[in-house]
Amino acid sequence: MQRKRIYNHGGGRSGAHTGAPGERRRRGRSIMAGLAESGSNPDVDLLYDINGLAKDAPPWFDRVMEFVGEYGLLLAIVLLVLWCWWSVRRRGEEDAASSVAALVWAPLAAGIAVLVNVPIRGFVERPRPFLDHQGLEVLVSGKNDYSFVSDHATIVMAMAVGLFVANRKFGLVALVLAVFGGFIRVYMGVHYPTDVVGGFALGTAVALLLSPVAMALLTPVTRAIERSPRVGWLVRGRGRGDAGDGSDAVVPGARSERAAGASERDLAA
């Protein structure tokens with residue numbers, strides 16, 4: 001896909017936001033629209049600074065950034081979740097059911113966060129930055145929906161935080177990828193920095209605040225699956241296990257009973 005530079009020669013919003021319904025929407029935007037219309041605020045200044053990097057980069061690099069920003073980072077975080085699941089079930093520790101439940105929560109949290117974002121976008125009605133500002137280098141076309149909050153930033157951060165709840169090592173990698181993904185959304189010219197920050201906040205809030213309820217509901221399910229002779233391998237590999245102390249896990253009960261027993265025997269000796 002070729003790079004697409006969009007200029008707003010009219011000094012206002014695009015035709016998609018004009019007319020009587022558009023006038024009504026504009027009256028409801030107030031604060032966020034005021035931020036978008038001014039070129040002298042930090043949000044817009046940072047937008048131009050980051051997006052300006054795309055103008056100086058070679059076309060092939062922009063195409064790579066476009067793919068990574070649209071699909072690559074989300075796919076990478078999904079693969080991290082799967083890798084963490086495979087590691088958990090292969091080790092076969094006693095707390096495998098709770099760890100797998102936390103991993104199941106990661107994509108569920110992302111889905112719930114996106115649903116929460118639907119009314120937020122409809123209420124704020126913030127146009128995409130290239131509809132209000134001239135000279136932005138827009139790397140992907142077809143972005144005609146509202147800008148705040150960024151769905152991409154919401155999804156990747158919710159999954160990263162959910163993964164961090166299950167495993168710190170995998171989660172830290174996912175968090176770094178999520179932050180980089182937010183940077184790319186601004187680099188592509190399709191979001192303001194505050195759109196991304198709002199997505200990070202929304203994804204984190206959903207993943208953390210609903211985690212206790214999710215774990216209470218999902219852990220009994222994963223324990224039932226673990227006991228099943230047919231699908232128990234989805235949770236814990238049969239006949240496998242080690243004396244790991246579960247130090248990488250964040251979920252309650254991460255320290256296995258086997259490791260605790262070994263520690264008690266060592267103290268007794």
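For the numbers below, each heavy atom of this structure counts, side chains included, while hydrogens, waters and symmetry mates do not.
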List the steps and the verdict of side chain to side chain contact (heavy atoms under 4.5 Å, CB included) for Asp62 and Met188.
CA-CA 8 Å; Asp62 282 349; Met188 294 167 61; over 6 Å; no
So which heavy atom on [X] is nearest to which on [Y], and how close?
X	Y	result
Val88	Ser99	CG1-CB, 3.9 Å
Ala102	Val165	CB-CG1, 4.4 Å
Gly189	Pro129	O-CG, 3.6 Å
Val149	Thr154	CG1-OG1, 3.6 Å
Tyr187	Leu53	CE1-CB, 3.6 Å
Thr222	Ala97	OG1-O, 2.9 Å

Looking at Asp49 and Lys55, does any basic side-chain N land under 4.0 Å from a carboxylate oxygen?
no
Side-chain contact test, heavy atoms from C-beta onward, threshold under 4.5 Å: evaluate it for [X] versus [Y] and give yes or no.
X	Y	result
His152	Val190	no
Leu73	Ile184	yes
Val156	Leu177	no
Phe170	Val81	no
Glu226	Leu234	no
Leu218	Leu108	yes
Arg126	Asp195	yes
Val44	Tyr48	yes

Give a yes or no on whether [X] and [Y] share a hydrophobic cluster (residues Ile, Leu, Val, Met, Phe, Trp, Tyr; joining criterion: side-chain heavy atoms under 4.5 Å apart).
X	Y	value
Trp60	Leu139	yes
Val197	Val179	no
Val116	Leu209	no
Trp86	Leu80	yes
Val176	Ile50	no

Value rounded to 0.5 Å, distance of [atom1] in [X] from [atom2] in [Y]:
X	Y	atom1	atom2	value
Leu210	Met215	CG	CE	13.5 Å
Ile77	Leu82	CD1	CG	12.5 Å
Ser147	His191	OG	NE2	5.0 Å
Phe61	Asp56	CZ	CG	11.5 Å
Leu163	Cys84	CG	SG	5.5 Å

Over 60° means perpendicular and under 30° means parallel, so classify the ring planes of Phe67 and Tyr71, tilted if in between.
tilted
Quick one: is the NZ or CZ of Arg121 closer than 6.0 Å to the six-membered ring centre of Phe148, and within 45° of its axis?
no
Under 3.5 Å, is there a donor-acceptor pair between the side chain of Asn117 and the main chain of Ile120?
no
Could you go through the side chain to side chain contact (heavy atoms under 4.5 Å, CB included) check for Ile112 and Trp105 one step at a time?
CA-CA 10 Å; Ile112 293 174; Trp105 169 236; 3.8 Å; yes
Please report the C-alpha distance between Leu47 and Leu136 in whole Å, then the side-chain angles of each, then the deciding distance to 0.1 Å, and finally whether the side chain to side chain contact (heavy atoms under 4.5 Å, CB included) criterion is met.
CA-CA 9 Å; Leu47 165 67; Leu136 291 176; 4.0 Å; yes
Side chain to side chain contact (heavy atoms under 4.5 Å, CB included) evaluation trace for Arg185 with Glu70
CA-CA 8 Å; Arg185 301 304 291 178; Glu70 284 287 290; 2.5 Å; yes
Between Arg223 and Ser98, is there a side-chain donor-acceptor contact under 3.5 Å, judged purely by atom types and distance?
no
